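Indexing begins at 1, ligand by ligand and atom by atom, following the structure's order. Model, not experiment: these values are computed from the prediction.
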Amino acid sequence: MESLEIHPRSNAPSANKAEWTVLTVKKLFEKPFMDLLYEAQNIHREHFKPNEIQLSTLVSIKTGGCPEDCAYCPQSVRFNTGVVDDDLMKLEDVVQAASIAKANGASRFCMGAAWRGPKDRDVAKVAEMVAAVKSLGLETCATLGLLKNGQAEILKNAGLDYYNHNIDTSSDHYEEIISTRSQDDRHVTLQRVRDAGVSVCCGGIIGMGESRDDRAEMIAQLANMNPYPQSVPINNLVKVQGTPMADVDGIDSIEFVRTIAAARISMPKAMVRLSAGRTDMSDEMQALCFYAGANSVFYGEKLLTTPNATSYGDDELFARLGLAPSDDVAL
Ligand code: SAM
Ligand code: DTB
Ligand code: SF4
């Protein structure tokens with residue numbers, strides 16, 4: 001059996017240490033599957049309780065009609081996907097949704113908006129929502145698109161814990177997916193979030209026709225952020241009819257699990273979230289993802305506009321695996 005290897009920065013979450021090269025991450029992907037999972041599970045156990053899982057619930061606070069052209073997204077105004085546009089939700093409706101999420105066992109509530117980025121008056125309204133959700137005793141997360149100077153501070157002052165903003169894919173593959181904003185634009189927003197003292201939730205989507213090199217580059221990009229994201233959502237593309245990605249070939253499930261393991265090994269203290277696309281995964285594949293180091297999922301009937309794995313099915317799966325939902329999974 002191969003011994004555990006020392007990787008760059010593997011125990012230095014926020015220090016500016018040696019970088020992960022694409023080649024080093026690719027070498028993880030190339031390991032025998034059993035060695036890779038063994039290493040990922042060992043690293044996982046150094047930092048997290050191995051039989052606990054954190055649950056986040058998503059709500060779309062502003063749906064559809066987005067001017068951006070992200071090829072995977074059902075909410076882009078450019079694609080005919082049948083998503084019904086909706087204005088910004090009312091504060092009381094958001095509070096009600098958050099109360100239900102909490103009663104169902106979620107510890108974090110994530111509010112998503114189909115904007116390129118919010119206007120200042122939007123941020124003021126979302127800040128009210130953040131404060132109200134926080135006062136229910138939930139962790140708060142928002143994903144509103146590109147942020148302008150000063151907006152992250154307003155959200156932080158309202159009680160925002162996490163801001164989700166994904167790099168989505170590798171820098172090379174990115175241009176095939178989105179033309180209306182660059183990956184550099186996203187890094188500027190991520191820096192604004194960090195500077196405001198809000199924790200970063202940043203990951204990407206697997207299964208968009210990218211190569212293994214692309215997946216390795218995306219993981220290296222995430223791992224080399226300083227500090228690396230506190231939370232890393234790995235989404236399995238939800239193929240939505242009407243989007244340009246509707247008929248793309250799905251990812252091999254073993255390769256998806258490898259991606260989760262590479263994220264866990266290269267970002268040992270991050271929460272790694274098995275995010276969108278669980279409806280297409282067997283229970284066994286999800287169990288392998290948890291073994292590879294995923295320790296968080298979206299919990300609830302819906303993601304933003306598409307169905308999620310049902311909470312009923314999740315409860316049964318967690319029980320079969322002896323996984324306990326928890327808001328304190330770190331050691
Ligand atoms: N509009 C904002 C933005 O794009 O930054 C926030 C909401 S957007 C829906 C948040 C993220 O959801 C995207 O960056 C993408 O990674 C993910 N996402 C969107 N559609 C998806 C799909 N069909 N499958 C998997 N993930 C998806
Ligand atoms: C993330 O990485 N995945 C979530 C969340 N961040 C906002 C979104 C998934 C969206 C899936 C497609 C939909 O339901 O519209
Ligand atoms: Fe708009 Fe976000 Fe969808 Fe892109 S991912 S089209 S920015 S809602």
Side-chain angles (χ1 to χ4, degrees), residues 56-79 81-86 88 108-118 122 126 140-147 151 162-169 173-174 177-183 185-190 192-193 200-210 218 222 229 231-248 250-251 256 263 271-281 294 296-309:
S56 293
T57 290
L58 262 177
V59 70
S60 179
I61 57 169
K62 188 269 165 193
T63 305
C66 183
E68 301 299 281
D69 68 353
C70 313
Y72 49 75
C73 187
Q75 303 198 70
S76 167
V77 77
R78 297 160 198 246
F79 317 134
T81 61
V83 165
V84 179
D85 300 353
D86 207 354
L88 190 60
R108 190 179 305 168
F109 190 70
C110 181
M111 294 160 268
W115 287 316
R116 171 180 164 83
D122 299 323
V126 176
T140 55
C141 175
T143 180
L144 315 173
L146 299 170
L147 293 181
Q151 294 185 326
Y162 289 83
Y163 193 80
N164 167 243
H165 198 58
N166 293 337
I167 56 169
D168 278 349
T169 189
H173 194 57
Y174 188 92
I177 309 292
I178 303 158
S179 78
T180 49
R181 57 178 162 177
S182 68
Q183 213 171 43
D185 294 336
R186 291 176 183 256
H187 283 290
V188 170
T189 285
L190 290 165
R192 288 183 172 147
V193 172
V200 167
C201 172
C202 182
I205 307 176
I206 306 301
M208 296 197 295
E210 77 284 346
M218 184 186 90
L222 294 167
S231 174
V232 179
I234 304 292
N235 296 277
N236 176 24
L237 175 70
V238 179
K239 296 183 208 173
V240 178
Q241 281 307 314
T243 66
M245 302 250 105
D247 298 317
V248 77
I251 183 83
F256 187 92
M271 298 294 299
V272 175
R273 183 168 311 109
L274 179 56
S275 299
R278 288 195 299 122
T279 44
D280 286 342
M281 296 179 194
S296 166
V297 292
F298 285 125
Y299 185 76
E301 309 298 308
K302 225 172 155 191
L303 293 166
L304 290 173
T305 64
T306 63
N308 191 19

* Asked: Checking side-chain contact (heavy atoms from CB on, under 4.5 Å) for the pair R108/S296: CA distance, chi angles, key distance, verdict?
  -> CA-CA 10 Å; R108 190 179 305 168; S296 166; 5.9 Å; no
* To do: Test side-chain contact (heavy atoms from CB on, under 4.5 Å) on H165 and L146 and set out the steps.
  => CA-CA 8 Å; H165 198 58; L146 299 170; 3.6 Å; yes
* Stepwise side-chain contact (heavy atoms from CB on, under 4.5 Å) test for T169 and I205 -> CA-CA 6 Å; T169 189; I205 307 176; over 6 Å; no
* Asked: Stepwise, does the side-chain contact (heavy atoms from CB on, under 4.5 Å) test hold for T243 with T81?
  -> CA-CA 7 Å; T243 66; T81 61; 3.8 Å; yes
Identify all pairs of nitrogen or oxygen atoms, one from ligand 2 and one from the protein, separated by less than 3.5 Å, and list them with distances.
from     : atom 1 : to   : atom 2 : distance (Å)
ligand 2 : 2 (O)  : N166 : ND2    : 2.8
ligand 2 : 2 (O)  : N235 : ND2    : 2.8
ligand 2 : 3 (N)  : N235 : OD1    : 2.9
ligand 2 : 6 (N)  : N164 : OD1    : 3.1
ligand 2 : 14 (O) : L304 : N      : 3.0
ligand 2 : 14 (O) : T305 : N      : 2.9
ligand 2 : 14 (O) : T306 : N      : 2.9
ligand 2 : 14 (O) : T306 : OG1    : 2.8
ligand 2 : 15 (O) : T305 : N      : 3.2
ligand 2 : 15 (O) : T305 : OG1    : 2.7

Between ligand 1 and the protein, give all atom pairs where both partners are nitrogen or oxygen and the distance is under 3.5 Å, as lines of names plus distance to 0.1 Å.
from     : atom 1 : to   : atom 2 : distance (Å)
ligand 1 : 1 (N)  : A113 : O      : 3.1
ligand 1 : 1 (N)  : W115 : O      : 3.1
ligand 1 : 4 (O)  : R181 : NH2    : 2.8
ligand 1 : 14 (O) : D168 : OD1    : 3.2
ligand 1 : 16 (O) : N166 : ND2    : 2.9
ligand 1 : 16 (O) : D168 : OD1    : 2.7
ligand 1 : 23 (N) : Y72  : O      : 3.0
ligand 1 : 23 (N) : V238 : O      : 3.0
ligand 1 : 24 (N) : V238 : N      : 2.9

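N236 meets the side chain to side chain donor-acceptor pair (under 3.5 Å) test with no other residue; sequence neighbours excluded.
A donor-acceptor contact shorter than 3.5 Å is absent between the side chain of D86 and the backbone of T63. Although no hydrogens or angles enter the test, the distance criterion places no donor-acceptor pair under 3.5 Å between the side chain of D85 and the main chain of G64. Listed for the R186 side chain is a donor-acceptor partner under 3.5 Å among the backbone atoms of N166.
Ligand 3 places these atoms under 4.0 Å from at least one heavy atom of R181: 2 (Fe), 4 (Fe), 7 (S). For ligand 3, the atoms sitting less than 4.0 Å from at least one non-hydrogen atom of Y72 are 5 (S), numbered in the order shown with element in parentheses.
We find the OH-OG distance between Y299 and S56 to be 12.5 Å, quoted to the nearest 0.5 Å. Note: L303 CG to L58 CG = 6.0 Å, rounded to the nearest 0.5 Å. Remark: C66 SG to R78 CZ distance equals 8.5 Å, nearest 0.5 Å. To the nearest 0.5 Å, the span separating CD1 on I61 from CH2 on W115 amounts to 5.0 Å.
D168 and Y72 form a side-chain donor-acceptor contact under 3.5 Å, judged by distance and modelled atom types alone.
Counting only protein N, O or S atoms, the number found under 2.8 Å from atom 4 (Fe) of ligand 3 is 1.
Checking T140, L144, T143, V200 one by one against Y163, the side chain to side chain contact (heavy atoms under 4.5 Å, CB included) holds for a single residue, L144.
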